[in-house]
Participant: 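Encoded as structure tokens, here's the structure I'll be asking about.
The first residue of the sequence shown is numbered 1, and numbering continues consecutively from there. Both backbone and side-chain heavy atoms feed into the values below; hydrogens, waters and symmetry mates do not.
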Amino acid sequence: ARFAVGSRLVTLAAGRNTHGELGLGPAERAETFTRVPELMGRSIRQIACGECHTLVLTSEGTVLVCGWNRWGQLALPDREERHVFQAVPALLPLSPVKHVAAGVGFSAIVATDGDVYAFGVNLA
């Protein structure tokens with residue numbers, strides 16, 4: 001997955017989208033950069049791409065996720081794939097997030113108070 005954030009609050013994505021990791025809907029491959037509807041008009045601070053999932057950190061400190069969730073790497077209460085970006089309810093009561101990271105089957109965030117949270121597969 002590849003993302004580009006423009007200066008006019010436009011976010012573009014390109015890639016396979018096998019599990020919805022681009023946020024463009026179910027299994028919609030994007031050969032060229034395509035606008036991501038759920039991110040239009042949002043000020044984006046950071047984007048982290050895992051193997052088949054994506055985390056977006058907005059300028060307000062909200063985390064939006066989409067893609068594969070087999071191991072809970074989206075921090076959502078179920079293991080269903082998400083094909084469009086959505087906020088993570090469990091993170092809303094925490095301090096605003098200042099950094100996001102994603103890997104193969106896991107994600108991590110750092111809150112503004114310095115607390116670190118990780119979710120997903122926990123294999124050594």
Side-chain angles (χ1 to χ4, degrees):
R2 294 177 184 211
F3 286 82
V5 179
S7 61
R8 295 184 180 204
L9 303 179
V10 174
T11 302
L12 308 171
R16 289 182 316 181
N17 203 36
T18 307
H19 297 280
E21 61 269 27
L22 300 180
L24 298 174
E28 189 175 310
R29 184 181 181 106
E31 299 289 339
T32 60
F33 279 103
T34 305
R35 289 178 187 229
V36 182
E38 277 70 26
L39 301 181
M40 298 301 293
R42 292 184 185 259
S43 179
I44 306 299
R45 180 181 303 157
Q46 183 188 3
I47 298 175
C49 298
E51 181 181 24
C52 293
H53 71 289
T54 305
L55 286 79
V56 171
L57 177 60
T58 69
S59 294
E60 296 79 31
T62 301
V63 177
L64 306 170
V65 296
C66 68
W68 203 25
N69 194 31
R70 180 177 183 182
W71 296 295
Q73 60 266 45
L74 299 183
L76 297 171
D78 59 46
R79 300 295 171 95
E80 299 298 316
E81 290 183 357
R82 298 303 195 281
H83 298 139
V84 295
F85 283 98
Q86 70 175 75
V88 180
L91 299 179
L92 295 175
L94 303 177
S95 294
V97 175
K98 70 176 181 179
H99 186 76
V100 293
V104 178
F106 71 92
S107 302
I109 65 158
V110 179
T112 55
D113 62 8
D115 286 346
V116 176
Y117 300 88
F119 28 95
V121 70
N122 188 26
L123 300 175

Participant: Go through H53 and L74 one step at a time and tell me if the side-chain contact (heavy atoms from CB on, under 4.5 Å) criterion holds.
Facilitator: CA-CA 8 Å; H53 71 289; L74 299 183; 3.8 Å; yes

Participant: Would you mind listing the cluster partners of V110? Hydrophobic ones only (ILVMFWY), side-chain contacts under 4.5 Å, chaining allowed.
Facilitator: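 V110 shares its hydrophobic cluster with V116.
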
Participant: Return the minimal non-hydrogen interatomic distance between S107 and L55, and the atom names on each side.
Facilitator: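 In this case the closest contact between S107 and L55 is OG-CD1, 3.3 Å.
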
Participant: Tell me, which pairs form a salt bridge (Lys or Arg N to Asp or Glu O under 4.0 Å) where one or both residues lie in residues 73-91, sequence neighbours left out?
Facilitator: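 Applying salt bridge (Lys or Arg N to Asp or Glu O under 4.0 Å) to every pair that reaches into residues 73-91, excluding sequence neighbours, yields D78-R82.
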
Participant: Calculate, to the nearest 0.5 Å, the distance between atoms CG and CD1 belonging to L64 and I44 respectively.
Facilitator: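 The distance works out to 6.5 Å.
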
Participant: Report the distance from atom CG of D115 to atom CD1 of I109, rounding to the nearest 0.5 Å.
Facilitator: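 Those atoms lie 9.0 Å apart.
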
Participant: State which residues pass side chain to side chain donor-acceptor pair (under 3.5 Å) with T34; sequence neighbours excluded, sorted by chain then number.
Facilitator: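 For T34, no residue satisfies side chain to side chain donor-acceptor pair (under 3.5 Å) once neighbours in sequence are set aside.
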
Participant: Search all heavy atoms of A14 against all heavy atoms of L22 and return the closest pair with its distance.
Facilitator: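 What the structure gives for the nearest pair is O-CD2, 3.6 Å.
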
Participant: Are V10 and R35 close enough that some pair of their side-chain heavy atoms sits under 4.5 Å apart?
Facilitator: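 They are in contact (side-chain heavy atoms under 4.5 Å apart), so the answer is yes.
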
Participant: Could you see if L76 belongs to whatever hydrophobic cluster contains L91? Use Ile, Leu, Val, Met, Phe, Trp, Tyr and a side-chain cutoff under 4.5 Å.
Facilitator: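 Yes; tracing contacts between hydrophobic side chains, which count when under 4.5 Å, links both residues.
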
Participant: Are F85 and L24 connected in the hydrophobic side-chain network, where two residues link if heavy atoms are under 4.5 Å apart?
Facilitator: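 In one cluster: yes.
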
Participant: In the hydrophobic clustering that connects Ile, Leu, Val, Met, Phe, Trp and Tyr at side-chain heavy-atom distances below 4.5 Å, which members other than V104 occupy its cluster, ordered by chain and number?
Facilitator: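 Under the 4.5 Å side-chain rule, V104 groups with nothing.
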
Participant: Please give me the minimum heavy-atom distance between A13 and A30, naming the atom from each residue.
Facilitator: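 That would be O-CB, 4.0 Å.
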
Participant: Membership question, hydrophobic clusters at under 4.5 Å side-chain separation (ILVMFWY): are V88 and L57 in the same one?
Facilitator: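 Same hydrophobic cluster.
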
Participant: To the nearest 0.5 angstrom, please state how far the CD atom of E21 sits from the SG atom of C66.
Facilitator: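 Answer rounded to 0.5 Å: 7.5 Å.
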
Participant: Measure across R16 and E51 and return the closest heavy-atom pair with its distance rounded to 0.1 Å.
Facilitator: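 Result for this residue pair: NH2-O, 4.4 Å.
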
Participant: Cut-off 3.5 Å, no hydrogens considered: what does the side-chain donor-acceptor table look like for residues 93-100, sequence neighbours left out?
Facilitator:
residue, atom, partner, partner atom, Å
S95, OG, D113, OD2, 3.0
H99, ND1, Q46, OE1, 3.3
H99, ND1, Q46, NE2, 3.4

Participant: State, to 0.1 Å, how close A48 and A102 come at their nearest heavy-atom pair, and which atoms those are.
Facilitator: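 Scanning both residues, the minimum pair turns out to be CB-N, 3.9 Å.
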
Participant: Measure the OG1-NE2 distance between T54 and H19 for me, rounded to the nearest 0.5 Å.
Facilitator: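 Spacing of OG1 (T54) from NE2 (H19) equals 12.0 Å.
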
Participant: Which residues pass the side chain to side chain donor-acceptor pair (under 3.5 Å) test with T11, not counting sequence neighbours?
Facilitator: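 Not a single residue meets the side chain to side chain donor-acceptor pair (under 3.5 Å) criterion with T11.
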
Participant: Closest approach of N17 and G25, non-hydrogen atoms and distance?
Facilitator: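 Scanning both residues, the minimum pair turns out to be ND2-O, 3.1 Å.
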
Participant: Report the residues that fulfil salt bridge (charged side-chain N to carboxylate O under 4.0 Å, His left out) with E31, sequence neighbours left out, ordered by chain and then residue number.
Facilitator: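 E31 satisfies salt bridge (charged side-chain N to carboxylate O under 4.0 Å, His left out) with R29 once adjacent residues are dropped.
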
Participant: Can you run down the ring pair (Phe, Tyr, Trp, His ring centres under 6.0 Å) pairs that involve residues 102-122, sequence neighbours left out, and say none if there aren't any?
Facilitator: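 Matches after skipping sequence neighbours: none remain.
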
Participant: Regarding E60 and T62, is there a side-chain donor-to-acceptor distance under 3.5 Å anywhere?
Facilitator: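 Distance-only check fails for E60 and T62.
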
Participant: What donor-acceptor contacts under 3.5 angstrom involve side-chain atoms of residues 36-43, with partners at least two apart or in another chain?
Facilitator:
residue, atom, partner, partner atom, Å
R42, NE, E38, O, 3.1
S43, OG, S59, OG, 2.6

Participant: Identify, with sequence neighbours excluded, every residue that meets ring-ring contact (aromatic ring centres under 6.0 Å, His included) alongside W71.
Facilitator: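 In terms of ring-ring contact (aromatic ring centres under 6.0 Å, His included), with neighbours along the sequence ignored, W71 is linked to W68.
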
